[in-house]
Every structure is written in C-alpha cells, then in structure tokens.
Amino acid sequence: MVSNVIKRQLEIHSRIEELKTCLKVCHEVGDSLSLDCETYFSFQTSLLEAVQNAIIHGNKSDESKKVKIDMEVDESTIQVRIEDEGSGFDPECIANPTCGDNITKENGRGIFFIKNLCDGFEVIGKGNVVKLLIRI
C-alpha cells in the first residue's frame, strides 16, 4: 500500500502579519486530516510559536529576510522544518520560564510551549533551523 503524503512549502517575509498565512495552512492541513482538537491545537500553536520566533528573534523582524517552512504529513506524523536567516541560538541557553524570576520574563515561553506540545523538537546546526514532530 502506498502512503498518502502531503507536502507543503512556504516562504514568508519576516512580518508578524505573515502568521495569518501560516494559520491558513494549519486550517487546510487540519481539515484535510480531520485532526482531533488536541492534536490540532498542538500543531497550530507549535507552528505559530516557531515561526514567530524565527521572525522576531531569528530575523530580527527584518522584512528583507525570509522564513522557510517545509511541512510533510503522512498517515502518522506531521513534520515541520522552519528556517530563518538569523545567526541562530543555543537551546541550552533558554531559561525555563516556570522557574524563579523567569516567570515574569516575556522571553522563553515559546520554546517551552513547543517542547511540551510536540512529540519531537530539534534545533539543527547553528540554531536557525528547528524541526517539529507531531504524532497523529
């Protein structure tokens, strides 16, 4: 039996308004897979958080820079690769937002959410590429 694989690629400018494009793709993929509410929430929230991080922290909201999003969906997983044009980051340097003084800080929550919502989270190379894995 040949599996049915959905592949989507997006390239967006580093503008927060572009999150609407990502949201539209989430809806399309979610509808085509008939995802349950919990899986859809994990997929949508993780994707939007990762893309927002790429726009704001990776590309420093420089509209001349792009964010590339590659999505592959098969019968059991949604895999998303997000790449920005920034200098990257070290995931070990991101403080846990649930500890001590970090609770009141605005940074670090996105990665925390992604790690807790996804079945897999990977930072690649210098840190300007992240991969998300959601089991369906």
Side-chain angles (χ1 to χ4, degrees):
M1 180 170 86
V2 177
S3 67
N4 196 9
V5 176
I6 300 169
K7 291 186 180 186
R8 293 293 304 262
Q9 292 182 318
L10 294 170
E11 186 172 273
I12 60 172
H13 291 279
S14 292
R15 293 187 300 257
I16 287 298
E17 297 81 16
E18 294 283 2
L19 290 174
K20 291 178 188 175
T21 303
C22 295
L23 188 57
K24 182 180 176 190
V25 171
C26 284
H27 289 311
E28 290 169 3
V29 171
D31 288 347
S32 70
L33 297 172
S34 300
L35 295 177
D36 62 74
C37 289
E38 184 177 334
T39 304
Y40 180 76
F41 176 80
S42 295
F43 169 51
Q44 176 182 300
T45 304
S46 299
L47 176 64
L48 294 178
E49 286 288 343
V51 172
Q52 180 174 300
N53 281 348
I55 291 169
I56 295 172
H57 301 294
N59 289 343
K60 309 291 187 215
S61 299
D62 179 343
E63 292 186 16
S64 70
K65 294 183 177 181
K66 306 259 179 119
V67 176
K68 295 178 184 174
I69 304 148
D70 294 310
M71 192 178 307
E72 186 172 305
V73 182
D74 62 28
E75 64 276 348
S76 61
T77 62
I78 301 170
Q79 298 180 65
V80 185
R81 182 182 186 277
I82 298 115
E83 179 177 2
D84 62 57
E85 296 180 43
S87 59
F89 77 103
D90 180 354
E92 299 302 316
C93 293
I94 305 295
N96 184 334
T98 65
C99 295
D101 291 339
N102 297 333
I103 291 173
T104 58
K105 292 181 182 176
E106 292 184 24
N107 292 338
R109 293 187 184 121
I111 297 293
F112 177 80
F113 289 142
I114 293 167
K115 285 181 176 179
N116 283 282
L117 292 172
C118 288
D119 296 299
F121 173 74
E122 181 181 2
V123 178
I124 300 172
K126 66 181 184 176
N128 71 320
V129 177
V130 297
K131 284 179 132 180
L132 314 176
L133 172 74
I134 296 117
R135 289 191 180 87
I136 53 178

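Remember, it's a predicted structure, so these values are computed and weren't measured experimentally.
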### Task
With side-chain contact (heavy atoms from CB on, under 4.5 Å) as the test, would you mind laying out the steps for Ile111 and Phe89 before giving the verdict?
CA-CA 11 Å; Ile111 297 293; Phe89 77 103; 4.1 Å; yes

### Task
Apply side-chain contact (heavy atoms from CB on, under 4.5 Å) to Ile134 and Cys118, showing your working.
CA-CA 5 Å; Ile134 296 117; Cys118 288; 4.1 Å; yes

### Task
Could you walk me through whether Ile78 and Leu33 pass the side-chain contact (heavy atoms from CB on, under 4.5 Å) test, one step at a time?
CA-CA 10 Å; Ile78 301 170; Leu33 297 172; 4.3 Å; yes

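Side chains of Asn4 and Glu75 form no contact here, defined as non-hydrogen atoms less than 4.5 Å apart. Contact annotation: the side chain of Ile12 approaches that of Val51 to within less than 4.5 Å [non-hydrogen atoms, C-beta and beyond].
In the hydrophobic clustering of ILVMFWY residues, with side-chain heavy atoms under 4.5 Å counting as a link, Leu133 and Phe113 come out apart. Cluster annotation: Phe41 is not connected to Leu35 through the hydrophobic network of ILVMFWY side chains, with a link wherever side-chain heavy atoms come within less than 4.5 Å. Taking hydrophobic clusters as Ile, Leu, Val, Met, Phe, Trp and Tyr residues chained together by side-chain heavy-atom distances below 4.5 Å, Leu132 shares a cluster with Leu48.
Heavy-atom minimum distance, Ser14 versus Val67: OG-CG2, 4.0 Å. Closest of all the heavy-atom pairs between Glu18 and His13 is CG-O, 3.3 Å. Considering every non-hydrogen atom in both Ala50 and Val130, the closest pair reads CB-CG2, 4.3 Å. Contact detail for Cys26 and Gln44: the closest heavy-atom pair is SG-CA, 3.8 Å. Taking both residues in full, the closest heavy atoms of Met71 and Leu47 are given as CE-CD2, 4.1 Å, listed atom of the first, atom of the second, then distance. Considering every non-hydrogen atom in both Ile16 and Gln52, the closest pair reads CD1-CG, 4.0 Å.
Residue Glu11 holds its CD atom at 9.5 Å from CD1 of Ile69, rounded to the nearest 0.5 Å. Atom OG of residue Ser42 and atom CD1 of residue Ile114 lie 11.5 Å apart, to the nearest 0.5 angstrom. From Asp70, atom CG reaches atom NZ of Lys131 across 10.0 Å, with rounding to the nearest 0.5 Å. Taking CD1 of Ile94 as the start and NE2 of His57 as the end, the distance is 8.0 Å to the nearest 0.5 Å. In this structure, CD1 on Ile55 lies 12.0 Å from CG on Asp62, to the nearest 0.5 angstrom. In this structure, Gln79 CD and Asp74 CG are separated by 6.5 Å, a value rounded to the nearest 0.5 Å.
Taking the salt bridge (Lys or Arg N to Asp or Glu O under 4.0 Å) definition, one finds that Glu28 meets it with Arg8, sequence neighbours left out. In this view, Glu49 satisfies the salt bridge (Lys or Arg N to Asp or Glu O under 4.0 Å) rule with no residue, not counting sequence neighbours.
The backbone N or O of Leu117 lies less than 3.5 Å from no partner atom in the side chain of Ser46, so there is not a single donor-acceptor pair. In terms of modelled atom types and a separation under 3.5 Å, the side chain of Glu83 and the main chain of Lys68 share no donor-acceptor contact. A side-chain donor-acceptor contact under 3.5 Å links Asp119 to the backbone of Arg135. Listed for the Asn128 side chain is a donor-acceptor partner under 3.5 Å among the backbone atoms of Asp84.
Around the CG atom of Asp101, the shell of radius 6.0 Å holds no more than 12 heavy atoms that belong to other residues, nucleotides or ligands. At most 12 heavy atoms of other shown residues, nucleotides or ligands fall within 6.0 angstrom of atom NZ in Lys24.
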